[in-house]
Novice: 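What follows is a structure written as structure tokens; I'll ask about it next.
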Amino acid sequence: MTEQKRKIRIHPSWLNPLISEFQAPYMLQLRNFLEEEAKNNKIIYPPMSEVFSAFNLTHFEDVKVVIIGQDPYHGPNQAHGLCFSVLPPTPPPPSLVNIYKELQSDLGITPADHGLLIPWAEQGVFMINAILTVEKGNPLSHKGKGWEQFTDKVIDILNKEKENLVFLLWGSPAQQKAAKVDTQKHLVLKAPHPSPLAAHRGFFGCEHFSKCNEYLKAHGKEEIDWKLPSLNSLKKS
């Protein structure tokens, strides 16, 4: 795990607000757990170098929108540290397909031909899972190991130290995770999860993307361009 440890990086803008968390006993226990998993030849997703991708792609001062997922995808070539996002050539998973459908209904945006959401992250959309790692083929396998405490603190810091954020909370777990967000300071939009099992209960038609941009504009912030570049454009950049 020594080599893996060296690869773990988090952008300096997050270090000051989170330094006490990284020094907390629960975080040491979490590191020890991940080290043991590696010693036992468990395959962990995302790769250690991408565990904090959400933090590295969206710096603390740039956060405008928060999307909360549950835990990473547990298949090969999927998870890379942003909730709902997958690495090409993996096709968009069903929940992301439904997110694209709502984008098209809400803003007329043609669904992307890939599932890579990095362009959103680079505009200030902070896409974080409640649990940041998972064992291959074993969903929620890292539940209760410490990540939830860490991400609770992340959300608490965003709530207290930032103003006029937009929280897009899809599904009960995300809504419970951000239950203490101050709705006087931030816009909190709730809808069922975009999974095929729940999307028809109110995710479709929620118009969260347009409502998000209206709020950002009203508070003097640049709107999010939700239209993703084509896969060919991403390959060229």
Side-chain angles (χ1 to χ4, degrees), residues 1-63 65-74 78-85 121 125-163 165 167 169-182 185-186 188:
M1 180 83 174
T2 303
E3 179 62 27
Q4 287 181 310
K5 278 183 177 178
R6 283 203 294 266
K7 293 179 181 177
I8 295 176
R9 294 287 185 271
I10 186 167
H11 190 266
S13 66
W14 290 94
L15 281 178
N16 186 51
L18 290 173
I19 192 67
S20 61
E21 297 305 298
F22 287 110
Q23 297 170 346
Y26 82 86
M27 188 59 82
L28 177 60
Q29 293 170 5
L30 174 59
R31 284 197 294 265
N32 289 339
F33 165 74
L34 293 172
E35 188 171 303
E36 285 301 311
E37 293 289 277
K39 286 180 181 177
N40 291 326
N41 296 315
K42 300 284 184 71
I43 297 175
I44 305 300
Y45 296 131
M48 286 298 127
S49 61
E50 296 180 343
V51 167
F52 292 116
S53 287
F55 301 82
N56 292 326
L57 289 165
T58 311
H59 303 165
F60 182 75
E61 63 272 14
D62 297 331
V63 176
V65 182
V66 181
I67 301 176
I68 301 172
Q70 193 164 4
D71 76 328
Y73 296 117
H74 53 87
Q78 290 184 308
H80 64 105
L82 301 181
C83 68
F84 293 107
S85 183
V125 183
F126 183 60
M127 292 171 276
I128 186 175
N129 282 307
I131 304 164
L132 299 189
T133 55
V134 68
E135 181 186 346
K136 178 182 178 181
N138 192 1
L140 294 175
S141 50
H142 292 183
K143 181 179 180 180
K145 302 300 183 181
W147 281 128
E148 295 95 334
Q149 187 172 342
F150 175 75
T151 52
D152 279 347
K153 184 63 176 179
V154 171
I155 292 166
D156 181 59
I157 287 170
L158 288 169
N159 175 44
K160 290 179 177 176
E161 297 193 16
K162 304 282 285 184
E163 290 186 358
L165 298 181
F167 287 81
L169 307 180
W170 302 329
S172 296
Q175 291 163 21
Q176 293 167 9
K177 186 81 175 168
K180 295 181 180 179
V181 169
D182 186 350
K185 286 177 63 181
H186 309 288
V188 176

Novice: Do Lys42 and Lys136 have side chains that get closer than 4.5 Å, going by heavy atoms?
Specialist: no
Novice: The criterion is side-chain contact (heavy atoms from CB on, under 4.5 Å); which residues satisfy it with Pro47, sequence neighbours excluded?
Specialist: Ser49, Glu50
Novice: Do Arg9 and Phe52 touch side chain to side chain, with heavy atoms closer than 4.5 Å?
Specialist: no
Novice: With no hydrogens and no angle check, is any side-chain donor or acceptor of His74 less than 3.5 Å from a backbone partner on Pro139?
Specialist: no
Novice: Say you draw a straight line from CD of Glu37 to OG1 of Thr133; how long is it, rounded to the nearest 0.5 Å?
Specialist: 8.5 Å
Novice: Donor-acceptor pair, Ser85 side chain versus Leu82 backbone, under 3.5 Å?
Specialist: no
Novice: For the side chain to side chain donor-acceptor pair (under 3.5 Å) test, which of Lys145, Glu21, Glu148 pairs with Tyr26?
Specialist: Glu21
Novice: From Asn129 CG over to Ile68 CD1, what is the distance, rounded to the nearest 0.5 angstrom?
Specialist: 10.0 Å
Novice: Does the side-chain contact (heavy atoms from CB on, under 4.5 Å) test come out yes or no for Met27 and Phe150, once each step is laid out?
Specialist: CA-CA 8 Å; Met27 188 59 82; Phe150 175 75; 3.3 Å; yes
Novice: Does the Lys185 side chain pair with the main chain of Lys160, one donor and one acceptor, at a distance under 3.5 Å?
Specialist: yes
Novice: Rounded at 0.5 Å granularity, tell me how far CH2 in Trp170 sits from CZ in Phe84.
Specialist: 6.0 Å
Novice: Say whether, by atom type as modelled, one donor and one acceptor occur between the side chain of Asn159 and the main chain of Val181 under 3.5 angstrom.
Specialist: no
Novice: Sequence neighbours left out, what passes side-chain contact (heavy atoms from CB on, under 4.5 Å) with Thr151? Give chain and number order.
Specialist: Ile128, Ala130, Leu132, Lys177
Novice: So Trp14 and Val63, do their side chains get closer than 4.5 Å, heavy atoms only?
Specialist: yes
Novice: Rounded to the nearest 0.5 Å, how far apart are CG of Leu57 and CG of Asp62?
Specialist: 11.0 Å
Novice: What about Phe55 and Phe60, are their ring centers closer than 6.0 Å?
Specialist: no
Novice: Between Tyr73 (side chain) and Cys83 (backbone), is there a donor-acceptor pair under 3.5 Å?
Specialist: no
Novice: With no hydrogens and no angle check, is any side-chain donor or acceptor of His59 less than 3.5 Å from a backbone partner on Glu61?
Specialist: no
Novice: Roughly how far, to the nearest 0.5 Å, is CG of Leu34 from CD1 of Ile44?
Specialist: 6.5 Å
Novice: Could you tell me the separation between the CG atom of Leu165 and the CZ atom of Phe126, rounded to the nearest 0.5 Å?
Specialist: 10.5 Å
Novice: Closest approach of Ile131 and Pro72, non-hydrogen atoms and distance?
Specialist: O-CD, 3.1 Å
Novice: Quick check against the 3.5 Å criterion: does Thr58 have a side-chain atom that pairs as donor or acceptor with the backbone of Ala121?
Specialist: yes
Novice: Would you say the side chain of His186 lies within less than 4.5 Å of the side chain of Phe167, judging by non-hydrogen atoms?
Specialist: yes
Novice: Using distance alone, with no hydrogens and no angle criterion, decide if His80 and Ser53 have a side-chain donor and acceptor under 3.5 Å apart.
Specialist: no
Novice: Sub-3.5 Å donor-acceptor pair from the side chain of Asp71 to the main-chain atoms of Lys143, do we have one?
Specialist: no
Novice: Within the structure provided, determine whether Asp156 and Asp152 are in side-chain contact (heavy-atom separation under 4.5 Å).
Specialist: no
Novice: Minimum heavy-atom separation for Val51 and Pro46, please, with both atom names.
Specialist: CA-CG, 4.0 Å
Novice: In plain terms, say whether Arg31 and Glu35 are close enough for a salt bridge, that is, a side-chain N and a carboxylate O under 4.0 Å apart.
Specialist: no
